[in-house]
Student: 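Below is one structure. I have some questions about it.
Only heavy atoms go into these numbers, but all of them, side chains included; no hydrogens, no water, no symmetry mates.
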Amino acid sequence: MATRASAAAPAARRCSYVVALLFLLALAGTSSAQLSTGFYSYSCPGVYGAVKSMMQAAIAKEKRMGASILRLFFHDCFVQGCDASLLLDDTASFQGEKMATPNNGSVRGFEVIDAVKSAVEKVCPGVVSCADILAIAARDSVVILGGPSWDVKVGRRDSTTASFSGANNNIPPPTSGLVNLTSLFAAQGLSQKDMVALSGAHTIGLARCTNFRAHIYNDTDIDAAFAKTRQSGCPSTSGAGDNNLAPLDLQTPTVFENNYYKNLLSKKGLLHSDQELFNGGATDALVQSYVGSQSTFFADFVTGMIKMGDITPLTGSNGQIRKNCRRVN
């Protein structure tokens with residue numbers, strides 16, 4: 001009996017090893033399991049310092065750039081996931097996302113990402129993806145302007161494709177109502193709470209007249225004096241002053257805090273989609289909670305940013321590490 005038992009033990013161990021190996025392989029097959037905060041701990045620990053110093057320089061030169069980089073990340077993640085597809089330039093044989101309606105003449109900061117990529121390449125060439133650089137730069141932008149910090153999950157690879165139609169259909173337009181906003185965020189696996197918290201990104205940055213014209217001239221859910229002030233820099237005629245800028249946060253457009261929500265309570269949201277978050281609907285209570293507690297807003301914003309960063313990343317052998325963020329290798 002002892003002989004049979006001792007012979008069975010190695011076989012049982014072998015079986016358990018096989019099961020464990022199969023489990024690990026299954027884990028490796030799920031993309032989210034491969035994103036981690038320590039992905040570059042050995043291959044490129046200097047990436048964070050390189051990105052941070054470049055972003056500090058860019059924002060010192062132009063405070064608005066922090067908001068622009070954060071917006072780049074958002075517009076990238078909502079199309080094919082966070083894969084740097086938005087960074088690809090059009091070519092004679094390739095249509096990217098830059099000329100899609102939500103992006104054309106609107107998204108900016110590509111030169112900054114180019115500069116950050118160059119700095120990272122000097123530290124560790126061919127290791128860090130443009131998708132991860134954008135994710136880290138977005139976090140650093142928030143921190144530099146006074147917002148919360150978080151550990152960015154990394155390990156993404158860069159897409160070799162883009163989706164012009166996806167950019168046109170997936171990114172919420174500034175004319176969106178609450179139902180449409182909720183639906184477009186839900187399509188990316190983000191809750192209504194995530195949506196309201198992530199909309200707080202509009203506590204920094206500027207918007208173009210073409211994106212808020214209808215709200216300041218046609219809507220009733222807007223403070224009359226505020227509308228009149230904005231009309232002075234945004235003519236009612238389409239095509240006139242389309243690119244004139246106004247701050248998304250009336251009070252402090254270069255500081256990341258909760259004033260954006262305070263403006264909504266007084267009907268001073270710049271975009272129609274902003275004011276929809278506080279207009280007698282399901283999200284009113286959330287807006288009020290963020291007005292009452294900036295720390296609650298910060299915590300929910302961080303949760304939303306991490307969830308957004310997890311949208312269908314390319315990992316493992318999928319995609320590539322682009323040498324130039326603007327084109328496929």
Student: For Lys268, check salt bridge (charged side-chain N to carboxylate O under 4.0 Å, His left out) against everything at least two apart and list the hits.
Tutor: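 Lys268 satisfies salt bridge (charged side-chain N to carboxylate O under 4.0 Å, His left out) with no other residue.
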Student: Are Val143 and Val152 connected, step by step, through hydrophobic side chains (Ile, Leu, Val, Met, Phe, Trp, Tyr) whose heavy atoms are closer than 4.5 Å?
Tutor: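 They do not share one cluster, since no chain of ILVMFWY contacts under 4.5 Å joins Val143 to Val152.
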Student: Is there a path of hydrophobic side-chain contacts, each under 4.5 Å between heavy atoms of I/L/V/M/F/W/Y residues, joining Phe298 to Val302?
Tutor: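 Same cluster: Val302 reaches Phe298 through Ile, Leu, Val, Met, Phe, Trp or Tyr contacts under 4.5 Å.
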Student: Examine distances only and state if a side-chain atom of Glu276 and a backbone atom of Leu178 form a donor-acceptor pair shorter than 3.5 Å.
Tutor: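 Yes, Glu276 side chain to Leu178 backbone: donor-acceptor pair under 3.5 Å.
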Student: Once you measure the plane-to-plane angle for His215 and His272, does it fall in the parallel (<30°), tilted (30-60°) or perpendicular (>60°) bin?
Tutor: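 Geometry flag for His272 against His215: perpendicular rings.
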Student: Output the distance between atom CG (Asn168) and atom CE (Met99), rounded to the nearest 0.5 Å.
Tutor: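 Here the rounded value is 11.0 Å.
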Student: Given the rule in the side chain to side chain contact (heavy atoms under 4.5 Å, CB included) test, do Ser236 and Gln231 qualify, once you have shown the distances and angles that lead to the verdict?
Tutor: CA-CA 7 Å; Ser236 60; Gln231 287 169 6; over 6 Å; no
Student: Minimum heavy-atom separation for Leu181 and Leu277, please, with both atom names.
Tutor: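 Distance-wise, the nearest heavy atoms are CD1-CD2, 4.3 Å.
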Student: Who are the ring pair (Phe, Tyr, Trp, His ring centres under 6.0 Å) partners of Phe278, not counting sequence neighbours?
Tutor: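 Listed in chain order: nothing, the list is empty.
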Student: What pairs of residues pass the salt bridge (charged side-chain N to carboxylate O under 4.0 Å, His left out) test when at least one of them lies in residues 119-129, not counting sequence neighbours?
Tutor: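 Every pair satisfying salt bridge (charged side-chain N to carboxylate O under 4.0 Å, His left out) with a residue in residues 119-129: Lys117-Glu121.
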Student: Are the side chain of Gln192 and the backbone of Thr182 linked by a donor-acceptor contact shorter than 3.5 Å?
Tutor: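 No, Gln192 side chain to Thr182 backbone: no donor-acceptor pair under 3.5 Å.
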Student: I need the minimum non-hydrogen distance between Gly205 and Ala67, along with the two atoms involved.
Tutor: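 Result for this residue pair: CA-CB, 3.4 Å.
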Student: For the residue pair Arg157 and Ser129, confirm or rule out a side-chain donor-acceptor distance under 3.5 Å.
Tutor: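 On atom types as modelled, these side chains do not qualify, holding no pair under 3.5 Å.
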Student: Would you say the side-chain atoms of Asn169 pair up with the backbone N or O of Ser165, donor to acceptor, closer than 3.5 Å?
Tutor: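 Flag set: sc Asn169 to bb Ser165 pair under 3.5 Å.
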Student: Do you know which of Pro174, Pro102, Pro173 makes side-chain contact (heavy atoms from CB on, under 4.5 Å) with Asn211?
Tutor: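 The passing option is Pro174.
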Student: Is there a donor-acceptor contact under 3.5 Å linking the side chains of Ser106 and Arg71?
Tutor: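 The answer is yes; a qualifying pair exists.
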Student: Closest approach of Ala138 and Met305, non-hydrogen atoms and distance?
Tutor: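 For Ala138 versus Met305, the nearest heavy atoms are CB-CE, 4.5 Å.
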Student: Got a donor-acceptor contact below 3.5 angstrom from the Thr203 side chain to the Glu257 backbone?
Tutor: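 Yes, Thr203 side chain to Glu257 backbone: donor-acceptor pair under 3.5 Å.
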Student: Run the salt bridge (charged side-chain N to carboxylate O under 4.0 Å, His left out) test against Asp132 and tell me which residues pass, sequence neighbours left out.
Tutor: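 Listed in chain order: Arg156.
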Student: Rounded to the nearest 0.5 Å, what separates atom CG in Asp83 from atom OG1 in Thr315?
Tutor: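 Rounded to the nearest 0.5 Å, the CG-OG1 separation comes to 12.0 Å.
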Student: Test of understanding: clusters of I, L, V, M, F, W, Y form through side-chain heavy atoms closer than 4.5 Å, transitively. Do Phe74 and Leu35 belong to the same one?
Tutor: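 No, because Phe74 and Leu35 fall into different hydrophobic clusters, even though each may have its own neighbours under 4.5 Å.
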Student: Check side chain to side chain contact (heavy atoms under 4.5 Å, CB included) between Phe110 and all other residues, then give those that pass, not counting sequence neighbours.
Tutor: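 For Phe110, the residues satisfying side chain to side chain contact (heavy atoms under 4.5 Å, CB included) (neighbours in sequence not counted) are Leu72, Leu86, Leu87, Lys98, Val107, Arg326.
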Student: What pairs of residues pass the disulfide (SG to SG under 2.5 Å) test when at least one of them lies in residues 227-329, not counting sequence neighbours?
Tutor: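 Listed by first then second residue: Cys130-Cys325, Cys209-Cys234.
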Student: Check the pair Ile204 / Thr254 against side chain to side chain contact (heavy atoms under 4.5 Å, CB included), numbers first and verdict last.
Tutor: CA-CA 5 Å; Ile204 53 174; Thr254 59; 5.8 Å; no
Student: Looking only at heavy atoms, what is the nearest atom pair of Asn244 and Pro235, with distance?
Tutor: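 Minimum heavy-atom separation between Asn244 and Pro235: ND2-CD, 4.3 Å.
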Student: Assess the pair Tyr40 and Tyr48: is the distance between their ring centroids shorter than 6.0 Å?
Tutor: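 Distance test on ring centres: not under 6.0 Å, no.
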Student: Quick one: disulfide (SG to SG under 2.5 Å) pairs with a partner in residues 43-75, sequence neighbours left out?
Tutor: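 Only Cys44-Cys124 qualify under disulfide (SG to SG under 2.5 Å).
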Student: Nearest 0.5 angstrom please: Asn103 CG to Asp76 CG, how far?
Tutor: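 Going from the CG atom of Asn103 to the CG atom of Asp76 covers 9.5 Å.
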Student: Are side-chain N/O atoms of Asp249 and His202 paired as donor and acceptor at under 3.5 Å?
Tutor: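 No - no donor-acceptor pair under 3.5 Å links their side chains.
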Student: With a 3.5 Å cut-off and no angle check, do the side chains of Thr160 and Gln320 form a donor-acceptor pair?
Tutor: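 Looking only at side-chain atoms, Gln320 and Thr160 do not form any donor-acceptor pair under 3.5 Å.
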Student: Nearest heavy-atom pair of Val79 and Ser163: which atoms, and what distance?
Tutor: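 Heavy-atom minimum between the residues: CG1-O, 3.6 Å.
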Student: Which other residues end up in the same hydrophobic cluster as Val123, if Ile, Leu, Val, Met, Phe, Trp and Tyr are linked when side-chain heavy atoms come under 4.5 Å apart?
Tutor: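 Members other than Val123 - counting any ILVMFWY side chain reachable under 4.5 Å - there are none.
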Student: Heavy atoms only: give me the nearest Asn258-Ser293 pair and the separation to one decimal.
Tutor: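 Distance-wise, the nearest heavy atoms are ND2-C, 4.5 Å.
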Student: Phe94: which other cluster members, linking ILVMFWY side chains closer than 4.5 Å, directly or transitively?
Tutor: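 Same cluster as Phe94: Leu88, Val328.
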Student: With hydrophobic residues grouped by side-chain heavy-atom distances under 4.5 Å, do Phe78 and Ile113 end up in a single group?
Tutor: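 Yes, one cluster joins them.
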Student: Main chain of Leu286, side chain of Ser289: is a donor-acceptor contact present, judged purely on distance under 3.5 Å?
Tutor: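 Here the side-chain-to-backbone pair exists.
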Student: Check for me, please, whether Ile311 and Leu198 land in the same ILVMFWY cluster - side-chain distances under 4.5 Å, paths through other members count.
Tutor: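 Same cluster: Ile311 reaches Leu198 through Ile, Leu, Val, Met, Phe, Trp or Tyr contacts under 4.5 Å.
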Student: Is there a donor-acceptor pair under 3.5 Å between the side chain of Ser199 and the backbone N or O of Met195?
Tutor: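 A pair under 3.5 Å: yes.
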Student: To the nearest 0.5 Å, tell me how far Arg64 CZ sits from Leu145 CG.
Tutor: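 Result: 13.0 Å between the selected atoms.
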Student: Ignoring hydrogens and angles, tell me if any N or O in the side chain of Asn259 forms a donor-acceptor pair with the backbone of Gln251 under 3.5 Å.
Tutor: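 Not confirmed, Asn259 side chain does not pair with Gln251 backbone.
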Student: With rounding to the nearest 0.5 Å, note down the distance linking CE in Met54 to CG in Asp114.
Tutor: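 It comes to 10.0 Å.
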Student: Would you please test Val120 and Val51 for side chain to side chain contact (heavy atoms under 4.5 Å, CB included) and show each step?
Tutor: CA-CA 7 Å; Val120 172; Val51 175; 3.9 Å; yes
Student: Report the residues that fulfil salt bridge (charged side-chain N to carboxylate O under 4.0 Å, His left out) with Arg213, sequence neighbours left out, ordered by chain and then residue number.
Tutor: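 Here the qualifying residues are Asp242.
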Student: Given 3.5 Å as the limit, does a donor-acceptor pair link the side chain of Gln275 with the main chain of Gly269, or not?
Tutor: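 Present.
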Student: For the atom pair CG (Asp158) and CZ (Arg322), what is the distance rounded to the nearest 0.5 Å?
Tutor: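 Answer rounded to 0.5 Å: 4.5 Å.
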Student: Under 3.5 Å, is there a donor-acceptor pair linking the side chains of Asn243 and Arg208?
Tutor: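 Yes, because at least one side-chain N or O of Asn243 sits under 3.5 Å from a partner of the opposite role on Arg208.
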Student: Remaining members of Leu271's ILVMFWY cluster at a side-chain heavy-atom cut-off under 4.5 Å?
Tutor: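 Other cluster members: Phe212, Ile216, Tyr217, Ile222, Phe226, Leu248, Leu250, Leu270.
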Student: Hey, do the aromatic rings of Phe256 and Phe301 have their centres closer than 6.0 Å?
Tutor: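 Under 6.0 Å, so yes.
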Student: In the hydrophobic clustering that connects Ile, Leu, Val, Met, Phe, Trp and Tyr at side-chain heavy-atom distances below 4.5 Å, which members other than Val255 occupy its cluster, ordered by chain and number?
Tutor: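 Taking Ile, Leu, Val, Met, Phe, Trp and Tyr as members, Val255 stands alone, with no cluster partners.
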Student: Measure from the side-chain N and O atoms of Asp194 to the backbone N and O of Ser191, and report whether any donor-acceptor pair falls under 3.5 Å.
Tutor: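 Looks like yes, one N/O pair under 3.5 Å.
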Student: Under the side chain to side chain contact (heavy atoms under 4.5 Å, CB included) rule, what do Ser159 and Leu314 come out as? Steps first, then yes or no, please.
Tutor: CA-CA 7 Å; Ser159 172; Leu314 295 170; 3.9 Å; yes
Student: Donor-acceptor pair, distance only, cut-off 3.5 Å: does the side chain of Ser141 make one with the backbone of Ala137?
Tutor: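 Side chain of Ser141 to backbone of Ala137, a donor-acceptor pair under 3.5 Å: yes, one is there.
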Student: Please walk me through it: do Asp300 and Thr303 pass side-chain hydrogen bond (donor to acceptor under 3.5 Å, both in side chains)?
Tutor: CA-CA 5 Å; Asp300 290 351; Thr303 298; 5.1 Å; no
